[in-house]
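A short worksheet on the structure shown next.
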Protein chains: 4
Amino acid sequence: MTDGATARGRADMVRNRRRLLAAATEAFAECGTEVSMGEIAQRAGIAKGTVFRHFPSKNDLLAAITVQLVDGLIAAADRLRTADDPVTALREFMATGVEVLAADRAFCEVIGRPSLQLAEVRGAIDRLCATVDDLTERAKQQGGLRADVTGADIVLLLGGIHQTSLPLLEQDPQAWRRYLALALDGLCNTSATALPHPPPAPLLAAPPA
Amino acid sequence: MTDGATARGRADMVRNRRRLLAAATEAFAECGTEVSMGEIAQRAGIAKGTVFRHFPSKNDLLAAITVQLVDGLIAAADRLRTADDPVTALREFMATGVEVLAADRAFCEVIGRPSLQLAEVRGAIDRLCATVDDLTERAKQQGGLRADVTGADIVLLLGGIHQTSLPLLEQDPQAWRRYLALALDGLCNTSATALPHPPPAPLLAAPPA
Amino acid sequence: MTDGATARGRADMVRNRRRLLAAATEAFAECGTEVSMGEIAQRAGIAKGTVFRHFPSKNDLLAAITVQLVDGLIAAADRLRTADDPVTALREFMATGVEVLAADRAFCEVIGRPSLQLAEVRGAIDRLCATVDDLTERAKQQGGLRADVTGADIVLLLGGIHQTSLPLLEQDPQAWRRYLALALDGLCNTSATALPHPPPAPLLAAPPA
Amino acid sequence: MTDGATARGRADMVRNRRRLLAAATEAFAECGTEVSMGEIAQRAGIAKGTVFRHFPSKNDLLAAITVQLVDGLIAAADRLRTADDPVTALREFMATGVEVLAADRAFCEVIGRPSLQLAEVRGAIDRLCATVDDLTERAKQQGGLRADVTGADIVLLLGGIHQTSLPLLEQDPQAWRRYLALALDGLCNTSATALPHPPPAPLLAAPPA
DNA sequence: AATGAATGAGTATTCATTCAT
DNA sequence: GATGAATGAATACTCATTCAT
């Protein structure tokens, strides 16, 4: 009986966690990081206290959700590593990344707020950068990408391209396509002068103060 | 007499207003738009009520500060209209713009949040775009800039370039130089295919819902 | 188990709610509608946030308290429907109503301020008028009440009689008895000329602008 | 020159006071006692500080305005003392009084808030009661008014009649006519039993705690 | 005498977090 | 493990009143 209860409790907990993550993902995407924990609990159909049992603070929840999103991008990059045309693969990855950002208000805010101190997110982004390095290496070998850009550049550019079109988001939700194309014109310019500043080191190497 | 008395009162007011604007500029830059009016008042060394006497709402204060920043950029663009090399002028303008953004958290938030309803800011940005149009026209005539980019593109790219380097801001405050160079490589690629998406319309044409 | 736990939690909540309602009733009665939520919380011995957990806004709390008072009057009218002498019953009802008003500043304010937009209160008053209609009908049938007055007239007169004696409240707390008697002399004058203005329509029929 | 300036200053002050009284009368009537001193100053076209020079506190201003209104009613009662039919005169006075109340939100609030401690207002009301005593005496002599009502009763009834119809003010602005008629039916019932409670003493005899 | 800038206490309301059940 | 009631600090904004000019 106690065993049964515990087993039942565990199953409930797993189900609650799943619901919570789904609700939080949706709520953060729609409303940004300022959505309240109460709203998230309500969307998940669980009690507020249960949210805090699964994640001891709002930042922890936010970090978990964000890492999940980054992991999705890692998977996408992974799938594209075997594509025929590495430049097209890179373009597709970037399009996917920008679209994910455009659909998720909180993701953008987390990316853009170094003060948020989400170490796990920085780690996930470093992993993403490493995976994208594969894509960029293949594209460079094929000669379709300039030699002095790295996976980290590509990943950082996702945020930049999205931000460029963000003020237009409501009047022209596809505007990011313009700036993605423009960025690619720079990235693929294999005869350009070398960039005047070195590529970024992994984020975890220098956690924010 | 009355003039003298009023003048002295006004002098105090002007001093307070200057302090307030300085404190608000600093506080918004450091802490972003969420800094409280109380904090701003404290930094300015005046009472909370005095802040509201000068600006009837937080949004009004934020708008005033932001318009001031945009006006600074307009002045910078204006000065560069007579430079010898229009492409260099454009690069310098963009460098200035990105640096302003990098130093001001609230500015970035205002730019990137179309819902903020700060009509005056939208107007100022439209004016900035128009001024930058002059820079881009000259650069295009000289053949150093692709024909299908506009002043608005350049202005939007300021936010994008800054955002690209934002995650690196603390470990490498100059990283934006790398992405500015990359963006310019795309912008100056006069033989590139035309961009796949039209340039943005003025912001004031599409007020937020 | 869960039931037990919840039951105890609920018991605390019920106790707090009771305290809150008691404190709010008292505070509104003493100080009028302008008493602050903080004062009410303090009187109830609970935190400000708890007040808002029970009632999402001050208006909601005020409406709840007021409806409770009106419901008390409805119950009083209901009890008097079976009295032997319908005119005496009406007089007793009016005495009760005026006394309730005299003891409650907020009640008077709510009644007398159509702009307050408390729809539930308007509904409760309409219900009160309907109940009092029974009393007036019986009194008319018995010939002790003029035919052209309605339950709504009686209900409105409660506020009027109280207001008449309000300036005397402190020096002569029973002064309302004088004006109640005077009003009844008018109401029971069955041979008087018909009133020159029609009786009021239900309040809910004409919500405030 | 100094004389001239002083003379000029005095003329200005008189003009300012007149403007202030007019603006305050209007603002209090429209908005009730909660209208802000700033709003009143603005309507008067003078500075806030000037308002406080003329009246050291908001209550003082409110008292002055209210006394003025009561004085208007005293004048009205005075004029009606020589009317042919004393009962008609009384009815006319009461209609005037109720209409004044209906047109002035602040007046009603002052009447209905004994805590406001406006001694001058209480004095003015006592004077009004004394004047109305003349009207009631004449009506009693003519046999049209019951013997046991006083001028103070009549004055207090003005507020009561107005309050009775106040909840209907928006949907039926003339509803007070119904309740004035009803009140007069009680007042003129010369064969009624004596009222069960003595008439009010002058207000100033018992200032509020 | 007039001005209006400055003050600061006061208001309703929100929300992450804690904890008794 | 789950609940949700309680907390209390924080926020933008208002307004009567003061006072230096």
Side-chain angles (χ1 to χ4, degrees), chain A residues 5-6 8-13 16-17 34-41 46-54 56-59 61, chain B residues 1-17 34-39 41 46-59 61, chain C residues 1-17 34-39 41 46-54 56-59 61, chain D residues 5-6 8-13 16-17 34-39 41 46-54 56-59 61:
Chain A
T6 308
R8 178 60 178 289
R10 262 181 211 148
D12 277 2
M13 195 183 177
N16 279 346
R17 190 180 187 91
E34 295 195 27
V35 74
S36 82
M37 292 296 262
E39 163 100 17
I40 291 171
I46 64 182
K48 242 182 342 183
T50 308
V51 176
F52 281 90
R53 171 168 292 276
H54 285 269
S57 82
K58 188 180 179 180
N59 259 2
L61 174 57
Chain B
M1 276 200 269
T2 307
D3 270 351
T6 311
R8 180 58 180 294
R10 250 179 218 156
D12 280 0
M13 191 199 183
V14 166
R15 194 201 52 186
N16 276 344
R17 190 181 187 90
E34 296 195 26
V35 74
S36 83
M37 292 295 262
E39 163 97 17
I46 62 182
K48 242 179 346 185
T50 307
V51 177
F52 285 93
R53 155 166 281 276
H54 286 266
F55 298 92
S57 81
K58 187 180 179 180
N59 259 3
L61 175 56
Chain C
M1 278 201 267
T2 307
D3 270 351
T6 310
R8 180 60 181 292
R10 250 177 220 159
D12 280 2
M13 193 200 181
V14 166
R15 193 201 52 186
N16 277 344
R17 190 181 186 91
E34 296 195 26
V35 73
S36 84
M37 291 297 261
E39 163 96 17
I46 61 182
K48 241 178 347 183
T50 306
V51 177
F52 284 91
R53 155 167 280 276
H54 286 266
S57 81
K58 188 181 179 179
N59 259 3
L61 175 56
Chain D
T6 307
R8 177 63 175 290
R10 263 183 211 150
D12 279 1
M13 197 184 176
N16 280 345
R17 190 180 187 90
E34 296 195 25
V35 74
S36 82
M37 291 296 262
E39 163 98 18
I46 64 181
K48 244 186 332 187
T50 308
V51 177
F52 282 90
R53 170 168 291 277
H54 286 268
S57 82
K58 188 180 178 179
N59 260 1
L61 174 56

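We name chains A, B, ... by the order of the sequence lines, and we start the count at 1 in each one. Below, each value reflects all heavy atoms present in this structure, side chains not excepted, and no hydrogens, waters or symmetry copies.
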Residue pair [X] / [Y], side-chain heavy-atom distance below 4.5 Å:
| X | Y | value |
| --- | --- | --- |
| B:Lys58 | B:Phe52 | no |
| A:Thr50 | A:Met13 | no |
| A:Asn16 | A:Arg53 | no |

Report summary line: Those stems involving DNA chain F that have three or more consecutive Watson-Crick or G-U pairs, both distances under 3.5 Å, are E:2-21 with F:2-21

Rounded to the nearest angstrom, tell me the gap between atom [atom1] in [X] and atom [atom2] in [N].
| X | N | atom1 | atom2 | result |
| --- | --- | --- | --- | --- |
| C:Leu61 | E:dT13 | CG | P | 10 Å |
| D:Phe52 | E:dA1 | CZ | P | 17 Å |
| B:Glu39 | F:dT11 | CD | P | 9 Å |
| D:Asn59 | F:dC15 | CG | C1' | 14 Å |
| B:Arg15 | F:dA20 | CZ | C1' | 12 Å |

Query - B:Lys48: partners by side chain to side chain contact (heavy atoms under 4.5 Å, CB included), with sequence neighbours left out - result: B:Ala41

Requested in this report: Could you list the residues that satisfy side-chain hydrogen bond (donor to acceptor under 3.5 Å, both in side chains) with C:Ser57, not counting sequence neighbours?
Outcome: C:Asp60

Query - Set of side-chain hydrogen bond (donor to acceptor under 3.5 Å, both in side chains) partners for B:Arg17, sequence neighbours left out - result: B:His54

[N] phosphate, OP1 or OP2: any side-chain N/O from [X] under 4.0 angstrom?
| X | N | result |
| --- | --- | --- |
| C:Arg53 | F:dA6 | no |
| A:His54 | F:dA2 | yes |
| D:Asn16 | E:dA1 | no |

Query raised in the report: Which value, rounded to the nearest 0.5 Å, describes the distance between B:Ile46 atom CD1 and B:Asp12 atom CG?
Result: 12.0 Å

**Report entry** Set of residues satisfying salt bridge (Lys or Arg N to Asp or Glu O under 4.0 Å) with respect to A:Glu39, sequence neighbours excluded
**Finding:** A:Arg43

Report summary line: Whichever of B:Ser57 and C:Ile46 has the more 5' nearest nucleotide on DNA chain F, that residue is C:Ile46

Scan nucleotides 8-11 of chain E against the protein and return all N/O pairs shorter than 3.5 Å with their distances rounded to 0.1 Å.
from: E:dG10; atom 1: O6; to: B:Lys48; atom 2: NZ; distance (Å): 3.3

